[in-house]
Amino acid sequence: MKIVCGALAALLFCVAGAIWYVYQKKAVFLPALFGLCGFPKIKESCYYDESGHFRPATKEDKVGFFMQHPIFGGFNHMFFNLEDNALKAIAPAKYKDFMQAQGRAEQTDTALDAFNYLTGLVEKGQAKLVSGLYPQEAMKDHPDRSHLTGMFYYGQPGKPLAIVVPGGGFISNVTDCEGYPIAMELHKMGYSVFVLSYPIGKQLGETEPLKQGQAAAKELTQAIRYLTNHQKELAICMDDYAIFGFSAGGLMTTAYSFASYADCCHNHHLPRPKAIFPMYGLDWNIKALPEDQGLAVFSIAGRQDEFGFANVEAQLPALEKTLGKENVSVKIIDGLGHGFGIGSETKVKNWLQEAVVFWEAHR
């Protein structure tokens, strides 16, 4: 009996050690990953200060605090999206540990500033959650379509709309770093902004990466269809807008905007953007057709990008020939990798300002 108890104790010790090790290294709580528990319970009072306003989030807050924030209306995927169990597994981690585990520690402060900026706007009625981008009947047999949601920031009258599509390899949405920080900077310049959160992984109904990408492109098309049908309500004009896409979101942006792709705006009779900004996300297989004339393209990729986005360099002569050299600004930068977000700690820290100048010149 003592031997059995000792063996069980040793096993429990090993399991606990493994859980702690993985948590420390990857900011992942293993029991949740295997579906053994849910999101950490956050008291509603934890979201407010003494005066009843949303308190500023900090890097010490759990990821679950952000996911379950009242501004997201119960859509836990709006801050950072993963498959359900994986989402629950990162929820107990402190945000600073989560960012460290992802190798994005340098983006933590910017992400927090952007999140707190958003909560302030929601309180003032200057930003809101947008859900139900699919009609109810379209979600009956496809409940995961409910993951197609967004945050809308009301801009100044006369300023155009920017749609922001974060990346994540079609298996996640890194909205915290590639969505809200971009939206904050654009909104401060007066633009209306729509930050898209879209289905990923199995939510897309596909398992192969290529097919997941194609399915995700359909989600962007549906989002733009919704925005087009709700222009009056949102005080926007879809005759004059731009799309900012990052990594996988950049591929989606490319596929929507160019005529050679199956789910492009042309095939769905939807408005084409005036300019697109597929940051480290312009498809290296891009082919411009005569129908694409008039589109302006701005992109930056690192030559050391581990996903190969620098390979688009070979397509630039043909792209410039069809669109016009003045309509193409694509930089391939030495010593730069993938996923630099707003760029505040990189060699391209002013890229967004340059992008806005480009956008305004092509409106």
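The first residue in the sequence is number 1, and the count goes up from there.
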### Query
Between Y256 and Y261, is a side chain to side chain contact (heavy atoms under 4.5 Å, CB included) present by the stated rule, with each step listed?
CA-CA 7 Å; Y256 175 80; Y261 295 87; over 6 Å; no

### Query
Going through the distances and angles, do I182 and F246 end up as a side chain to side chain contact (heavy atoms under 4.5 Å, CB included)?
CA-CA 11 Å; I182 313 303; F246 298 81; 3.6 Å; yes

### From CA spacing to verdict: ring-ring contact (aromatic ring centres under 6.0 Å, His included), F244, Y191
CA-CA 13 Å; F244 290 75; Y191 298 102; 8.3 Å; no

### Task
Using the side chain to side chain contact (heavy atoms under 4.5 Å, CB included) rule, take Q203 and N81 through it: C-alpha gap first, then chi angles, then the decisive distance, then the call.
CA-CA 11 Å; Q203 298 163 7; N81 196 14; 3.5 Å; yes

### Query
Hey, mind stepping through L270 and R225 against side chain to side chain contact (heavy atoms under 4.5 Å, CB included) and telling me if it holds?
CA-CA 7 Å; L270 289 168; R225 180 178 290 112; 4.1 Å; yes

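Scanning all heavy atoms of the two residues, the minimum distance from A57 to N116 falls at N-OD1, 2.8 Å. The shortest non-hydrogen separation linking Y241 to P271 is OH-O, 2.6 Å. Across all their heavy atoms, I276 and S257 have their closest contact at CG2-OG, 3.2 Å. Taking every heavy atom of both residues into account, P135 and Q222 meet most closely at CD-NE2, 4.1 Å. Between S192 and G155, the shortest heavy-atom distance links the atoms OG-N, 2.9 Å. Of all the heavy atoms in I200 and S172, the pair that sits closest is CG2-O, 3.6 Å.
Taking the six-membered ring for Trp and the full ring otherwise, F115 and H69 have centroids separated by under 6.0 Å. Taking the six-membered ring for Trp and the full ring otherwise, Y154 and F152 have centroids separated by under 6.0 Å. A ring-centre distance under 6.0 Å is found for F65 and Y47. Centroid-to-centroid, the aromatic rings of Y280 and W351 stay 6.0 Å apart or farther.
Follow the hydrophobic side-chain contacts under 4.5 Å out from L121 and you never reach I236; the two are in separate clusters. One hydrophobic cluster, built from ILVMFWY side chains closer than 4.5 Å, cannot hold both F79 and L148; they sit in different ones. In the hydrophobic clustering of this structure, I42 groups with V63; members are Ile, Leu, Val, Met, Phe, Trp, Tyr whose side-chain heavy atoms approach within less than 4.5 Å, directly or through other members. Under the 4.5 Å side-chain heavy-atom criterion for ILVMFWY residues, a single connected hydrophobic cluster contains both I286 and L220. In this structure, I163 is a member of the same hydrophobic cluster as V297, with clusters built from ILVMFWY side-chain heavy atoms closer than 4.5 Å.
Between the side chain of K347 and the backbone N or O of D334 there is at least one donor-acceptor pair closer than 3.5 Å. Under the 3.5 Å distance criterion, the side-chain polar atoms of Q100 are left unmatched by any main-chain donor or acceptor of A105. A side-chain donor-acceptor contact under 3.5 Å links R145 to the backbone of A138. T253 places no side-chain N or O within 3.5 Å of a backbone atom of I243 that could act as its donor or acceptor partner. Of the possible polar contacts, none joining the Y180 side chain to the D113 backbone as a donor-acceptor pair under 3.5 Å is found. Looking at E219, its side chain never comes within 3.5 Å of a backbone N or O of M252 through a donor-acceptor pair. Of the possible donor and acceptor atoms, none in the side chain of D240 sits under 3.5 Å from a partner among the backbone N and O of K274. With D305 contributing its side chain and G302 its backbone, the two residues share no donor-acceptor pair below 3.5 Å.
Between F98 and F80, the ring planes are perpendicular. Angles over 60° get that label, and only those under 30° would be called parallel. The aromatic rings of F358 and F298 are tilted relative to each other, their planes meeting at an angle between 30° and 60°.
Rounding to the nearest 0.5 angstrom, the gap separating the CG atom in L204 from the CD1 atom in I171 is 11.5 Å. With rounding to the nearest 0.5 Å, the separation of CG in N267 from CD in E291 is 9.5 Å. Expressed to the nearest 0.5 Å, how far SG of C46 lies from NZ of K41 amounts to 13.5 Å. To the nearest 0.5 Å, atoms CG (L133) and NE2 (H147) are separated by 13.5 Å. Here C177 contributes atom SG and R104 contributes atom CZ; the two are 3.5 Å apart, rounded to the nearest 0.5 Å. Here the CZ-OG distance, from F277 to S329, works out to 9.0 Å after rounding to the nearest 0.5 Å.
Residues Q102 and I90 are not in side-chain contact: their nearest non-hydrogen atoms beyond the backbone lie 4.5 Å or more apart. Using a 4.5 Å heavy-atom threshold, the side chains of D109 and K59 count as touching. P70 is listed as a side-chain neighbour of F54, based on a closest heavy-atom distance under 4.5 Å. The shortest distance between side-chain heavy atoms of H266 and D292 falls below 4.5 Å. Looking only at side-chain heavy atoms (C-beta outward), Q214 and D263 stay at 4.5 Å or farther from each other. Looking at heavy atoms from C-beta onward, L161 lies out of side-chain contact with L234 at the 4.5 angstrom threshold. You'll find the side chain of V122 stays beyond 4.5 Å of the side chain of L129, heavy atoms only. Side-chain atoms of S299 and F309, non-hydrogen and from C-beta on, never get closer than 4.5 Å to each other.
Side chains of H187 and Y117: a donor-acceptor N/O pair is present below 3.5 angstrom, by distance only. In summary, the side chains of N173 and H77 do not present any donor paired with an acceptor at a separation below 3.5 Å, with no hydrogens or angles considered.
Put simply, the residue from N285, D283, L282 that forms a side chain to side chain contact (heavy atoms under 4.5 Å, CB included) with V312 is L282.
Under a 4.0 Å N-O distance rule, the pair E137/K140 does not qualify as a salt bridge. Ion pairing between K331 and E354 holds under the 4.0 Å rule for side-chain N and carboxylate O. Comment: E233 engages K128 in a salt bridge, judged by a side-chain N to carboxylate O separation of less than 4.0 angstrom.
Other residues, nucleotides and ligands place more than 12 heavy atoms under 6.0 Å from the CD atom of E320. Atom CD of E44 has 12 or fewer neighbouring heavy atoms from other residues, nucleotides or ligands inside a 6.0 Å radius.
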